[in-house]
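To keep things clear, I will list the structure first and then write my remarks on it.
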Amino acid sequence: VVTYNSLIHGLCKLGCWKEALMLLNEMVYCSVAPSIVTYNILIDQLCKQGMVKKARCYVGMLVRRCVELNVITYNSLMNGYCLQNQMNQARKVFDAMETHGEALELFKNLSASGYPQDVVTYGTLLDGFCKNGCVDIALALFYEMQRKMLKPNCVVYNILIDCMCKAGRLEDAGMLFSRLVNEGLQPNVNTYTIIICGLCDKGLLNKAYEVFREMENFVCFPDSASYNVIIRGFLRQRNLQRATELIQEMFSKGFSVD
RNA sequence: CCUACGU
């Protein structure tokens, strides 16, 4: 099953749906039962490729066949709606996941109740609202998850920090960063890249460069995205000197420029 | 072997 799942995952990512479905048929033929992971891969990839409608139908079909789904299935579907900016639909999936199944009928036969929202559920919805410019709703969710005793992780903080940076609210981003550290969490490469990006967008390249150089002291080594972000920043300021220097540096580390 | 974050 694991081998089939990996192959199906790869084919779906490449958009080779025909081949993926042939493999699915083949596994049934070889009496290898598809698992929940197999279904989740199909649903997630349909969603990521803009076919939420199909994903939704597929979930409906699995439910009718009494296949046991899980929180990942619904997180994927919810993410699909977020990616289409269909936040009302995303919210409906979210509500349908409420532990105490009354919300069940809000989303016709989704049968999502009893799969309590987890940190990823919140992170997904938060990100959806942030990307749709609903910062306040996102923040409300951030507080709501804590009331529900779900500890925001680094990804959740990154989502909010990115949102603040993109809104030009660097002070708020900074406060969230402090909070992340105060909670005993470790910022990761994404955290720093997000902040560097925010500083670059504000034209604060010296500060951005400082963060870029200091992140290594916190065991976060700049990756290809970090380099690309700061190089773009310097190019925008016409600092070809610094940009060239960094391009060479990233090349020497085996990264490539976008 | 599957789900949320940075260009």
Side-chain angles (χ1 to χ4, degrees), chain A residues 1-13 20 23-24 27 32-48 52 55 59 69-83 90 93-94 97 112 115 117-131 138 141-142 145 150 152-166 173 176-177 180 185 187-201 208 211-212 215 220 222-236 246-247 250 255-258:
Chain A
V1 207
V2 175
T3 311
Y4 274 110
N5 285 346
S6 303
L7 288 171
I8 290 173
H9 194 184
L11 288 169
C12 289
K13 270 188 179 165
L23 263 187
L24 186 64
M27 56 193 296
V32 178
S35 66
I36 175 67
V37 175
T38 319
Y39 299 125
N40 285 345
I41 289 168
L42 294 169
I43 291 159
D44 175 55
Q45 289 301 319
L46 282 171
C47 287
K48 291 211 166 96
V52 213
V59 171
L69 302 175
N70 62 19
V71 65
I72 296 181
T73 320
Y74 296 103
N75 285 346
S76 303
L77 185 62
M78 205 187 60
N79 188 37
Y81 285 118
C82 289
L83 293 173
V93 178
F94 181 86
M97 290 168 77
Y115 301 105
Q117 299 103 334
D118 61 8
V119 184
V120 176
T121 316
Y122 273 93
T124 306
L125 196 62
L126 252 153
D127 189 50
F129 280 116
C130 283
K131 300 234 152 77
L141 284 168
F142 176 69
M145 69 186 289
L150 285 174
N153 60 14
C154 185
V155 175
V156 172
Y157 278 98
N158 288 350
I159 291 166
L160 287 172
I161 292 171
D162 184 50
C163 181
M164 293 305 177
C165 285
K166 299 239 152 55
L176 284 161
F177 180 82
L180 147 73
L185 297 168
N188 60 21
V189 199
N190 287 4
T191 318
Y192 289 106
T193 305
I194 288 163
I195 290 167
I196 290 167
C197 187
L199 290 166
C200 286
D201 288 343
V211 175
F212 182 81
M215 61 191 278
C220 276
D223 63 10
S224 166
S226 322
Y227 274 99
N228 277 297
V229 166
I230 196 151
I231 289 167
R232 276 192 209 307
F234 281 121
L235 287 177
R236 251 187 284 138
L246 285 162
I247 288 170
M250 90 183 277
F255 299 131
S256 49
V257 285
D258 300 344

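Keep in mind it's a predicted model, so treat the numbers as computed, not measured. Residue numbers start from 1 in every chain, and the chains themselves are labelled A, B, ... in the order their sequence lines are given, proteins ahead of strands.
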Inset, instruction - Can you sort out the partners of A/Asp258 under side-chain contact (heavy atoms from CB on, under 4.5 Å), two or more places apart, ordered by chain and number? - result: A/Asn228, A/Arg232
Legend entry - Contact state string [nucleotides 1-7 of chain B, B base, S sugar-phosphate only, - no protein heavy atom under 4.0 Å]: BBBBBBB
Inset, instruction - For A/Tyr227, check ring-ring contact (aromatic ring centres under 6.0 Å, His included) against everything at least two apart and list the hits. - result: A/Phe212, A/Phe255
Inset, instruction - Could you pull out all residues at least two apart from A/Asn153 that satisfy side-chain contact (heavy atoms from CB on, under 4.5 Å)? - result: A/Val119, A/Val155, A/Val156
Inset, instruction - Applying ring-ring contact (aromatic ring centres under 6.0 Å, His included), name anything that partners A/Phe94, two or more places apart in sequence or on another chain. - result: A/Tyr122
Legend entry - With sequence neighbours excluded, residues passing ring-ring contact (aromatic ring centres under 6.0 Å, His included) with A/Tyr4: none
